[in-house]
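This report refers to the structure that appears directly beneath it.
Throughout, a chain's letter reflects where its sequence line sits, starting with A, and its residues are numbered from 1. Computed over heavy atoms, backbone and side chain alike; hydrogens, waters and symmetry mates excluded.
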2 protein chains.
Amino acid sequence: MKHNTQQREAILKCLKSARGPLSPREILEAAGREVPGLGVATVYRNLKLLVREGLATEIVLPGQGSRYEISGLAHHHHFQCRDCRMVFCLEGCSKGIDSLAPAGFILEEHDIVLYGRCAECSHG
Amino acid sequence: MKHNTQQREAILKCLKSARGPLSPREILEAAGREVPGLGVATVYRNLKLLVREGLATEIVLPGQGSRYEISGLAHHHHFQCRDCRMVFCLEGCSKGIDSLAPAGFILEEHDIVLYGRCAECSHG
DNA sequence: ATTAAAATGATAATAGATTCTCAATTTCAT
DNA sequence: ATGAAATTGAGAATCTATTATCATTTTAAT
């Protein structure tokens, strides 16, 4: 990453203003509004680059391709709306998760995903 | 599902004796030991069938293809070993998950996945 | 302004999982 | 034991997400 490009800036800006991790497609659409003609390959290339540089973090939910969110957020989990399919970052974390691991197992990490309807889609 | 086949029986038996959801590949290998020559298509066909009949349940972890476990188990979650990649069913569920949903959001379901080392791989 | 390196966009290519096709085999009611 | 219906196995085909290719454009140091 030697040169700054408007494409990369636009992608980063998207991630910063998002309420949750975005899919490459969502990023293509959003950043494409700022940089017309933006191509898929560029989105993927830059996401990979941003992750490598530590500026973005890859988020994977069950049954879907990777999403990306801005790095540096505190430990948190996600909520996916079953209507609009959007993913939102949540705050905090449920206690007592560690106790779910069976004896003899070493727990290193955990993921929690909530599913339901977001405020808008729950007819807000 | 009009005819019972040894293939289907073998697949079902695998699911019943497993400690967690199995991938089609794992099932192919395990059931293939009982029914030599077992084909992938047959595994997929029967899994689909078993799910339709309510005998098996599809489980999807982040970044991986579907796995299948026997139906009827109580609410539970899973642990994936980062070494052997095997997935294990856990018991119980962490309290307070519901409180993670933001105001205005309707929570319908949740998934929890723990990652780490299973008893065997943690050098047991 | 010039230029070499970096980055882009269009599209082809790849990869992995799952499904389809179809001839051959198996199941089970008779 | 027989035969129609169901199922199977091998391999081709499909689908989706991501990556590679490459000619063209952009960046930024000079």
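Each of D/dT27, D/dT18, D/dG9 was ranked by its minimum atom distance to the side chain of A/S66; first place goes to D/dT18. Across D/dT19, D/dT21, D/dA10, the shortest atom-to-atom separation from the side chain of B/R45 is found for D/dA10.
Side-chain contact annotation: A/T57 with A/E69, donor-acceptor N/O pair under 3.5 Å absent. Under the 3.5 Å distance criterion, with hydrogens and angles disregarded, a donor-acceptor pair is assigned to the side chains of A/R45 and A/T42. Side-chain contact check for A/H110 and B/H77: no donor-acceptor pair (N or O, by modelled atom type) lies under 3.5 Å.
For CD of A/E91, the number of neighbouring non-hydrogen atoms (other residues, nucleotides, ligands) closer than 6.0 Å is 12 at most.
For the pair A/Q6 CD and C/dA7 C1', the interatomic distance rounds to 11 Å; values are reported in whole Å. For the pair A/R67 CZ and D/dA17 C1', the interatomic distance rounds to 13 Å; values are reported in whole Å. Atom pair B/L61:CG and C/dA17:P shows a separation of 14 Å (rounding to whole Å applied). We find that NE2 of B/H3 is positioned 16 Å from P of D/dG3, with the value rounded to whole Å. Per the geometry, CD belonging to A/E9 stands 14 Å off C1' belonging to D/dT26, to the nearest Å. Atom-to-atom, CZ of B/R52 to C1' of C/dT19 comes out at 13 Å; the value is rounded to the nearest Å. Atoms CG (A/N4) and P (C/dA6) sit 14 Å apart, rounded to a whole Å. Atom-to-atom, CD1 of B/I11 to P of D/dT7 comes out at 12 Å; the value is rounded to the nearest Å.
Between B/E34 and B/K13 there is a salt bridge, with a side-chain nitrogen of the basic residue lying less than 4.0 Å from a carboxylate oxygen of the acidic one. With respect to the salt-bridge test (charged N to carboxylate O, under 4.0 angstrom), the residues A/R19 and A/E120 qualify.
None of A/V60, A/V87, A/I27, A/L22 except one satisfies the side-chain contact (heavy atoms from CB on, under 4.5 Å) rule with A/R67; the exception is A/V87.
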Would B/F105 and A/F79 count as a side chain to side chain contact (heavy atoms under 4.5 Å, CB included) if you check the C-alpha gap in whole Å, the side-chain angles of each, and the deciding distance to 0.1 Å? CA-CA 9 Å; B/F105 282 49; A/F79 180 108; 3.6 Å; yes

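For residues 80-87 of chain A, proximity to DNA chain D is found at no residue, defined as any non-hydrogen atom under 4.0 angstrom from a strand atom. Sorted by residue number, the members of residues 21-44 of chain B with any non-hydrogen atom under 4.0 Å from DNA chain D read B/G37, B/L38, B/G39, B/A41, B/T42.
Contact annotation: B/K2 reaches the phosphate of D/dA6 (side-chain N/O to OP1 or OP2, under 4.0 Å).
Of the two residues contacting DNA chain C, namely B/G65 and A/Q7, the nearest-nucleotide position lying further toward the 5' end is that of A/Q7.
Looking at every heavy atom in both residues, A/L107 comes nearest to A/A101 through CB-CB, 4.2 Å.
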